[in-house]
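Working notes for the structure below.
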There are 2 protein chains.
Amino acid sequence: MAEISPRKQPRQARARATCEAVKQAAARILVTGGPPALNTNAIAETAGVSVGTLYQYYPSKQAILAELVRDMRAGMLADIERGRAQAKGHDLRTAVRLMVGASLHHHRRDALGAEAMERAEAELPMDAETDALKRRIIALVAELLAGYGIADPELAARDLSAMTRGMAQAAVAAGETDFDALTERIARGAIGYLETGCN
Amino acid sequence: MAEISPRKQPRQARARATCEAVKQAAARILVTGGPPALNTNAIAETAGVSVGTLYQYYPSKQAILAELVRDMRAGMLADIERGRAQAKGHDLRTAVRLMVGASLHHHRRDALGAEAMERAEAELPMDAETDALKRRIIALVAELLAGYGIADPELAARDLSAMTRGMAQAAVAAGETDFDALTERIARGAIGYLETGCN
DNA sequence: ATGAAATCCGAGTATTTGCTCGGATTATTG
DNA sequence: CAATAATCCGAGCAAATACTCGGATTTCAT
């Protein structure tokens, strides 16, 4: 059974830099070579540290990936929270546009990295903290939708998240870079989903 | 460099049964254990044949997966073709409903299998034949959409496919089994996407 | 029935991969 | 400047994995 929680806390600045280097190295390898290319020796070499050092802070390979995914989810949650604050007070249509835009924020920063991470998440035993983050994201969207009188807001939140994720994934895979246009297209689908339900 | 095209054609009935057993074993392992659990020894054992036998028909592990994915894509293409034949003559909304239903046909047969396969496809070097199948699927949808005067039908086809895939994936992951309800929800999004574009 | 072709077997090989351990190096403290 | 704690190193081990090979067994054609 592979441990997932970190093994030891870095106390000195040097050690903190090491941890960060390891994470970034793992992320880079994941983007360039996909999950099968992600092995501990490669991570250590890319990070410029030795395997032994790596294992002082991460108890297993999976733990590195888990922390990477957790970071991404935390970032997403922050993006969504900002989006909701921005959307407050607007009508449903513009609120949806703003929320979709917020969901795509991490794609704007690093589209390939975001995609690689989301795919990697699938083949990882879900750790409790990341699961909680995902639930909070959905709950946040559901709460917003409920404010507009949407029926079954939880289901709608899940559907809209999935819709966004799916379309973004395909767009990135196709090499699209105009995220404003993509946001607009996703918002059209989302608004259609929400408004067609009421009549 | 791993070969992907099959190594030898089975000539006798026994050999054909072996090939089929290998494929089904691989599919089952993929569903129950995910990509990391898919190794040649396990495949051979599950299929009830020896590794040596396996390697007489498949030049590499990837070749097995590739053929599995190819089969699934071929099935999807057939489903979509039937869907289009059924949709012909109806108005846009019912046509969309029928097409979404057709796209989900393989999910109805084996939801977990379909999902496992689609995820596995991502970490596989795209082989030419499968790529051609995917293109044909998109082209078919695009052609249908063009008949209804949709602008940029290729892009719309890609977006709608991605939308369907994303929502279906999330629904299956959440344990949903009512595919009629799911079809209806996806269709709402799709119709919204298509109709909001025109005004 | 008999030779040839097809199929099957599974122990074994070469490689990869996750991970450990004992000791060297660097930082911190009193 | 010690002495102690923190950090780092990397050779190497144990296990897993993709794949091969030589020969046994079964099927087919005549």
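Below, read A as the first sequence line, B as the second, and so on, with proteins coming before strands; counting in each chain starts at 1.
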field: Integer-rounded Å distance: C/dT28 C1' and A/Gln12 CD
entry: 7 Å

field: Protein-nucleotide distance (A/Lys61, atom NZ; C/dG18, atom P), rounded to Å
entry: 4 Å

query: In whole angstroms, how far is the C1' atom of C/dT17 from the CD1 atom of A/Ile29?
result: 13 Å

- prompt: Does B/Thr53 place a side-chain N or O at less than 4.0 Å from the phosphate oxygens OP1/OP2 of C/dT7?
  reply: no

query: Taking atom C1' of C/dC19 as reference, at what distance in whole Å does atom CD of A/Gln62 sit?
result: 14 Å

query: Is B/Ile80 reachable from B/Tyr193 through a run of I, L, V, M, F, W or Y residues, each pair having side-chain heavy atoms under 4.5 Å apart?
result: yes

- line: Only one of B/Val100, B/Val96, B/Leu160 passes side chain to side chain contact (heavy atoms under 4.5 Å, CB included) with B/Ile186, and that residue is B/Val100

- line: Out of D/dT7, D/dC28, C/dT20, minimum distance to the side chain of A/Pro10 belongs to D/dT7

- prompt: Near DNA chain D, which residues from residues 14-27 of chain A have a heavy atom under 4.0 Å away?
  reply: A/Arg14, A/Ala15, A/Thr18

field: Rounded interatomic separation in angstrom, taking OH from A/Tyr58 and P from D/dT7
entry: 13 Å

Length of the line joining A/Arg11:CZ and C/dT29:C1', which is rounded to integer Å: 15 Å

query: D/dA18 phosphate, OP1 or OP2: any side-chain N/O from B/Thr40 under 4.0 angstrom?
result: yes

- prompt: For residues A/Arg82 and A/Gln86, is any side-chain donor paired with an opposing acceptor at under 3.5 Å?
  reply: no

task: Have a look at A/Ile43 and say if it touches a base, only the backbone sugar-phosphate, or nothing, with a 4.0 Å heavy-atom cut-off.
output: nothing

- prompt: Can we say B/Glu195 and B/Arg93 salt-bridge, meaning some charged N sits less than 4.0 Å from an Asp/Glu carboxylate O?
  reply: yes

- prompt: Any donor-acceptor pair under 3.5 Å linking the side chain of B/Asp91 with the backbone of B/Thr94?
  reply: yes

message: Check the phosphate of C/dG10 against B/Ser50, side-chain N and O only, distance under 4.0 Å to OP1 or OP2. Yes or no?
response: no

query: Linking I/L/V/M/F/W/Y whenever their side-chain heavy atoms sit closer than 4.5 Å, directly or via other members, would B/Ile138 and B/Val141 fall into one cluster?
result: no

field: Derivation of the side chain to side chain contact (heavy atoms under 4.5 Å, CB included) call for A/Glu81 and A/Arg136
entry: CA-CA 10 Å; A/Glu81 266 170 346; A/Arg136 279 209 58 194; 3.2 Å; yes

Interatomic distance, A/Asn39 CG vs D/dT17 C1' [rounded to whole Å]: 14 Å

- request: With axes from five pairs an end, tell me the bend angle of the helix from C/dA1-D/dT30 to C/dG30-D/dC1, nearest 10°.
  value: 20°

message: Under a 3.5 Å distance rule, please check whether B/Thr32 uses its side chain to pair with a backbone N or O of B/Ile29 as donor and acceptor.
response: yes

message: If you apply the rule side chain to side chain contact (heavy atoms under 4.5 Å, CB included), what do you find for A/Tyr57 with A/Lys23, and how did you get there?
response: CA-CA 11 Å; A/Tyr57 303 102; A/Lys23 271 201 289 186; over 6 Å; no

Among C/dT7, C/dA27, C/dG18, the nucleotide that comes nearest once only the side chain of B/Gln56 is considered: C/dT7

field: A/Tyr55 side-chain N/O to C/dT20 phosphate OP1/OP2 under 4.0 Å
entry: no

task: Could you tell me whether the phosphate oxygens of D/dC8, OP1 or OP2, come under 4.0 Å of any side-chain nitrogen or oxygen in A/Tyr57?
output: yes

- request: Round to the nearest Å and state the distance from B/Glu45 atom CD to C/dA11 atom P.
  value: 12 Å

- request: Would you kindly confirm whether A/Leu104 and A/Val31 end up in one hydrophobic cluster when ILVMFWY residues are joined by side chain heavy atoms under 4.5 Å apart?
  value: no

query: How is A/Asn41 classified with respect to the nucleic acid when contacts are heavy atoms under 4.0 Å: base, sugar-phosphate, or nothing?
result: base

